[in-house]
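The sequence lines fix the lettering, A, B, ..., with proteins before strands; numbering per chain opens at 1.
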2 protein chains.
Amino acid sequence: MSADAAPHAKPDLTRNQALVFGALEGAEAPLSAYTILDQLRDDGLRAPLQIYRALDKLVAFGLVHRLESLNAFVACNHPAGEADGESHGTAAFAICENCDSVAEFTEQDVAERLRSWAKTEGFEPHSTVIELRGLCEACRAA
Amino acid sequence: MSADAAPHAKPDLTRNQALVFGALEGAEAPLSAYTILDQLRDDGLRAPLQIYRALDKLVAFGLVHRLESLNAFVACNHPAGEADGESHGTAAFAICENCDSVAEFTEQDVAERLRSWAKTEGFEPHSTVIELRGLCEACRAA
DNA sequence: ATCGCACACGTTATACCATCACGCAATAAT
DNA sequence: ATTATTGCGTGATGGTATAACGTGTGCGAT
């Protein structure tokens, strides 16, 4: 019984996962788990853990990113034109501190450099966090 | 007021700041604000806010870094041999998920690349978070 | 001097973020 | 059918961070 509503063919999401993902897709800014919860109360979700469980899966699927410096989440949305293949290994984020917009991007050379540092140091990276905080172009103008 | 950006030119620390900084200097791993608080109860500190206020200042001075992916803090300690000059603009951290050790380093090219992305996008960065999570050499061997 | 200001401090209360521990239900493999 | 796995729902709890208030001290300007 799956009525798939998602535009991109992705792993089948459970009801909770779909609700959470939908909330993030519809948002213009990152959402905290509790904000998501508030938005989904009418859909029957009542406890933080329901949200966190869904988020964990969505992050594992690569559909959602966690922004560590914000304790919040965004739907994965790399810039148009980016191929889907591997891109979700080393995404970077530029977060506007004025309007909360988030730009996701990948700089292959940055990933490369960090990998190379790790190699010479014998460090085995499992995940990488790259987040720029500042002002987006629009807010800088204002 | 001071526009002093020199990382290791210790501005005069207040008593609370000195206590918090001391706790971080003495630690082998990052400490959370509440862990610091526990360690400083005997010195008369009683409330989280006392810790957070001190940490805010220490971070502003460049004496302490916040690790966003851990919600914890470390004393600034770039690898020996590193010149002091600019280092606290774009420090990167490699965090061992097994032993909690943290290596601080700077990759000039990484900073460069990110600055350059920002420039072409019109994004004005105020701060940058770069954190690698994984296994340090020692723990990888074990 | 003393007023005003900036700044550090101390305390209580509260908000926000995240997980544990339990038990139940549906599904798939044997 | 039994078991293993996975998702779900709930209550309780723990960990992180700030709001709002008031106090005290140093110091320059009048």
Side-chain atoms of residues 46-61 of chain B: list all donor-acceptor pairs with protein atoms under 3.5 Å, sequence neighbours left out, distances to 0.1 Å.
{"residue": "B/Gln50", "atom": "OE1", "partner": "B/Arg46", "partner atom": "N", "Å": "2.8"}
{"residue": "B/Gln50", "atom": "OE1", "partner": "B/Ala47", "partner atom": "N", "Å": "2.8"}

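- Spacing between atom CZ of B/Arg15 and atom P of C/dC7 amounts to 22 Å, rounded to whole angstrom units.
- The other residues sharing a hydrophobic cluster with B/Val129 are A/Val129, where clustering joins ILVMFWY side chains under 4.5 Å apart.
- For B/Gln39, the side chain to side chain contact (heavy atoms under 4.5 Å, CB included) partners are B/Ala23, B/Leu31, B/Thr35, not counting sequence neighbours.
- The minimum heavy-atom distance between A/Cys96 and B/Phe123, with the atom names listed, is N-CE1, 4.2 Å.
- Rounded to whole Å, atom P of C/dC7 lies 13 Å from atom CD of B/Gln17.
- Not one side-chain nitrogen or oxygen of B/Asn71 sits closer than 4.0 Å to the OP1 or OP2 atom of D/dG15.
- For A/Ser32, no side-chain nitrogen or oxygen approaches OP1 or OP2 of C/dC16 to under 4.0 Å.
- Between the CG atom of B/Asp56 and the P atom of C/dC9 there is a distance of 12 Å, given to the nearest Å.
- Here A/Tyr34 does not pack flat against the base of C/dC16, since the 5.5 angstrom centre distance and 30 degree tilt limits are not both met.
- Side-chain heavy-atom separations under 4.5 angstrom define the hydrophobic clusters, and the remaining members of the one that includes B/Leu67 are B/Leu70, B/Val74, B/Phe93, B/Ile95, B/Val102.
- A straight line from CG of B/Leu13 to C1' of C/dC7 spans 15 Å, rounded to a whole angstrom.
- Between B/Glu68 atom CD and D/dT16 atom P there is a gap of 13 Å when expressed in whole angstrom units.
- For DNA chain D, the neighbouring residues in residues 42-54 of chain B, judged by any heavy atom under 4.0 Å, are B/Leu49, B/Tyr52.
- If you take CG of B/Asp12 and P of C/dA8, they are 12 Å apart, rounded to a whole angstrom.
- Distance B/Leu67 CG to D/dT16 C1': 15 Å, rounded to the nearest Å.
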Identify every side-chain donor-acceptor pair in residues 131-142 of chain B under 3.5 Å, counting partners at least two apart or on other chains, and give the distances.
{"residue": "B/Glu131", "atom": "OE1", "partner": "B/Ser69", "partner atom": "N", "Å": "2.9"}
{"residue": "B/Glu131", "atom": "OE1", "partner": "B/Ser69", "partner atom": "OG", "Å": "2.5"}
{"residue": "B/Glu131", "atom": "OE2", "partner": "B/Glu68", "partner atom": "N", "Å": "2.7"}
{"residue": "B/Arg133", "atom": "NH1", "partner": "B/Ser69", "partner atom": "O", "Å": "3.4"}
{"residue": "B/Arg133", "atom": "NH1", "partner": "B/Ser69", "partner atom": "OG", "Å": "3.4"}
{"residue": "B/Arg140", "atom": "NE", "partner": "A/Gly122", "partner atom": "O", "Å": "3.0"}

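- Remark: P of C/dA26 and CG of A/Asn16 are 15 Å apart, rounded to the nearest angstrom.
- Taking both residues in full, the closest heavy atoms of A/Arg66 and A/Asn71 are given as NH2-OD1, 3.4 Å, listed atom of the first, atom of the second, then distance.
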